[in-house]
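One structure is given below, encoded as structure tokens.
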Amino acid sequence: MSTLIPTTAYLIRAIHEWCIDNNLTPHLLVKVDAHTRVPMAYVKNGEIVLNVNYTAVKDLHIDNDAVVFSARFNGVAQHIYVPINRVGGVFARENGQGMFFEVVDGVPPVPEKRESAETEPATEMQAKKNHLKVVK
């Protein structure tokens, strides 16, 4: 069996969408490290909280590897890059509801290797016989 894709990015996208649907303001709690690109002037105790509402960011993209967007900090446009494994939580500012994740220090962000059916061993592919019959 192939390695499963971690659920973190899916949960971040789901809570973000839930916040937007309920007119709440989604925020990310980020544990900053060398792989994280955020304005360091706003980092406190190795963490930063980012407003990721569509009205506060431009070109928001949340994929399985990172959260990427542009935002203004004190009037200066900044490009933000947060590896998914550095997201400590996603929550609504108004009520604190959301999800929080364990962030393990020292784990570099590595894109997931995905195996497909095309990479299965030939013997396993041969063992799967078609059960369909041609009807004329």
Side-chain angles (χ1 to χ4, degrees):
M1 183 175 168
S2 63
T3 305
L4 297 176
I5 299 168
T7 58
T8 309
Y10 295 91
L11 296 170
I12 292 168
R13 288 189 292 267
I15 297 298
H16 181 272
E17 183 179 347
W18 174 81
C19 287
I20 298 299
D21 289 351
N22 287 285
N23 295 315
L24 299 172
T25 311
H27 281 64
L28 289 182
L29 171 63
V30 177
K31 308 282 184 162
V32 178
D33 72 354
H35 302 286
T36 311
R37 239 181 311 161
V38 297
M40 296 305 288
Y42 298 92
V43 174
K44 292 183 181 154
N45 299 323
E47 298 179 344
I48 188 170
V49 176
L50 300 168
N51 178 349
V52 287
N53 196 348
Y54 290 121
T55 60
V57 301
K58 181 180 177 189
D59 301 327
L60 176 65
H61 183 72
I62 306 171
D63 65 20
N64 292 340
D65 298 319
V67 179
V68 181
F69 60 91
S70 295
R72 292 191 169 274
F73 293 84
N74 204 20
V76 179
Q78 303 258 351
H79 182 74
I80 307 300
Y81 176 85
V82 178
I84 288 295
N85 68 345
R86 301 309 299 172
V87 176
V90 56
F91 61 94
R93 178 188 66 203
E94 292 80 359
N95 60 16
Q97 290 186 10
M99 294 195 82
F100 295 88
F101 311 102
E102 181 179 358
V103 176
V104 180
D105 288 326
V107 178
V110 178
E112 294 295 319
K113 291 184 180 178
R114 296 177 183 96
E115 294 180 18
S116 67
E118 297 167 0
T119 62
E120 288 183 28
T123 56
E124 190 175 331
M125 290 290 283
Q126 292 168 349
K128 295 180 182 176
K129 292 200 176 200
N130 192 341
H131 66 279
L132 300 176
K133 296 179 182 177
V134 177
V135 179
K136 294 183 181 184

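Only this structure's heavy atoms are used, side chains among them; waters, hydrogens and symmetry mates stay out.
More than 12 heavy atoms of other shown residues, nucleotides or ligands fall within 6.0 angstrom of atom CD in Gln78. Enclosure of atom CG in Asn95 by more than 12 non-hydrogen atoms of other residues, nucleotides or ligands within 6.0 angstrom is indicated. In this structure, Asp21 places its CG atom where more than 12 heavy-atom neighbours from other residues, nucleotides or ligands lie under 6.0 Å away.
Closest heavy-atom contact between Ile48 and Pro39: CD1-O, 4.0 Å. Shown here for Pro26 and Cys19, the closest heavy-atom pair between the two residues is CB-CB, 3.8 Å. Of all non-hydrogen atoms in Val32 and Val38, the two that sit nearest each other are CG2-CG2, 3.9 Å.
Side-chain polar atoms of Glu94 and Thr25 form a donor-acceptor pair below 3.5 angstrom.
The line from CD1 of Ile12 to CG of Leu28 is 6.5 Å long, rounded to the nearest 0.5 Å.
Two rings, from His16 and Phe91, have their centers 6.0 Å or more apart.
With contacts defined as side-chain heavy-atom distances shorter than 4.5 Å, the pair Phe69/Asp59 does not qualify.
For Arg86 and Asp105, the salt-bridge test passes: some basic side-chain N is under 4.0 Å from an acidic carboxylate O.
In this structure a side-chain-to-backbone donor-acceptor pair under 3.5 Å is missing from Asn22 to Leu24. Looking at Arg37, its side chain never comes within 3.5 Å of a backbone N or O of His79 through a donor-acceptor pair.
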